[in-house]
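Below is one structure; the comments refer to it alone.
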Amino acid sequence: MRSAICVFGKISTFNFANSNQIFGHSQRVWQTRLIHSGNMQPRYLKQAEAIKLDEELFNYFGVEQLMELAGLSCASAIAEEYPESKNVLVVVGPGNNGGDGLVCARHLKMFGYLPEIFYPKRPAKILYENLTKQCELFEIPFLSSFPAQEELNTKYSLIVDALFGFSFKPPIRQEFSEIINTMIQTSTPCCSIDIPSGIINPDLNAN
Ligand SMILES: NC(=O)C1=CN([C@@H]2O[C@H](COP(=O)(O)OP(=O)(O)OC[C@H]3O[C@@H](n4cnc5c(N)ncnc54)[C@H](OP(=O)(O)O)[C@@H]3O)[C@@H](O)[C@H]2O)[C@H](O)CC1
């Protein structure tokens, strides 16, 4: 399955099925991509680096502000890479990665896409409640169950994986394992915000 990683507006595609190869490399890196600018090469961050950057950003920016930028950037990158893939399923997790997904869905709708959202675990936090309400106001449907493999393959032209970002800690809990397995096996292209959810990060405790 083709997949993609997208942070701050740029997206890179790779094969999810071959992700063991990618993440099995001895110079394993947390696959978080930074801005391309001019001739600069993209940099990849380890998980600890991404978390540290996040902490530094939170000294000066609010979470809503950062999330809005992240979600808008992801939607913009999708519009650039997948202009024809209008039927999008956004799979939303319980943390801020999920929040990015809700923002992304809203902007995709404004860009003329037809996003639908699957949001199985919704924390009772005002931030996520407001983002959910905004999506409802934009008439984005929320699914009550995760589509079966066949439906995922045929109904949707793109999946946005906003389940888990850099705070994912393996192993995947049972409530999400079937969702992730179905996403791994689908033939529909999948864009992951930050990282493909469920990837076990070998650098979890690395410096
Ligand atoms: N850097 C930036 O500018 C911004 C980044 N953003 C995005 O935020 C995520 C990181 O968000 P965070 O809330 O810290 O974490 P996640 O969304 O990755 O995940 C946390 C939730 O996941 C649950 N979890 C963790 N491991 C598992 C597991 N094995 N199985 C099931 N569930 C799991 C965790 O549950 P707990 O019970 O452990 O609390 C959380 O609910 C980053 O990647 C960016 O996408 C922000 O938008 C701000 C800007």
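All ligand and atom numbering here is 1-based and tracks the order in the structure. Model, not experiment: these values are computed from the prediction.
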query = Among V92, I180, I172, D100, which one has a heavy atom closest to atom 45 (O) of ligand 1?
reply = D100

query = Which atoms from ligand 1 have a heavy atom of M67 less than 4.0 Å away?
reply = 47 (O)

ask   = Backbone or side chain, does any N or O of D194 fall under 3.5 Å from an N or O of ligand 1?
value = yes

query = Near E136 CD, under 6.0 Å, is it more than 12 heavy atoms from other residues, nucleotides or ligands?
reply = yes

task = Would you confirm whether the ring centroid of Y119 sits within less than 6.0 angstrom of the ring centroid of Y128?
result = no

Mode of P171 contact toward ligand 1 - side chain, backbone, both, neither (heavy atoms, under 4.0 Å) = backbone

remark   = The answer for which part of N97 has a heavy atom under 4.0 Å from ligand 1 is both

remark   = A student comparing S73, G99, S167 should find that the heavy atom closest to atom 25 (C) of ligand 1 comes from S167

ask   = Taking the six-membered ring for Trp, are F146 and F118 parallel (under 30°), tilted (30 to 60°) or perpendicular (over 60°)?
value = tilted

inquiry  = Would you say CD of E139 has more than 12 non-hydrogen atoms from neighbouring residues, nucleotides or ligands within 6.0 angstrom?
reply    = no

ask   = Under 3.5 Å, is there a donor-acceptor pair linking the side chains of S157 and N87?
value = no

Over 12 foreign heavy atoms within 6.0 Å of CD, E56 = yes

task = Check whether any N or O atom of F166, backbone or side chain, sits under 3.5 Å from an N or O atom of ligand 1, and answer yes or no.
result = yes

message = Taking CD in Q149 as the centre, count heavy atoms belonging to other residues, nucleotides or ligands within less than 6.0 Å. Is the count above 12?
response = yes

request  = Pick whichever of P94, P170, G62 has a heavy atom sitting closest to atom 40 (C) of ligand 1.
outcome  = P94

request  = Verify whether one side chain among E151 and Y156 offers a donor that lies under 3.5 Å from an acceptor in the other.
outcome  = no

key: Part of N96 with heavy atoms under 4.0 Å of ligand 1, whether side chain, backbone, both or neither   = both

request  = Just jot down the ligand 1 atoms closer than 4.0 angstrom to any heavy atom of D54, in number order.
outcome  = 1 (N), 2 (C), 3 (O), 4 (C), 5 (C)

remark   = The answer for which part of F176 has a heavy atom under 4.0 Å from ligand 1 is side chain

L57, L69, I195: member with heavy atom nearest to atom 3 (O) of ligand 1 = L57

Stacked cation flag K86 on Y113, 6.0 angstrom / 45 deg = yes

Heteroatom distance test (A70, ligand 1): nitrogen or oxygen, under 3.5 angstrom = no

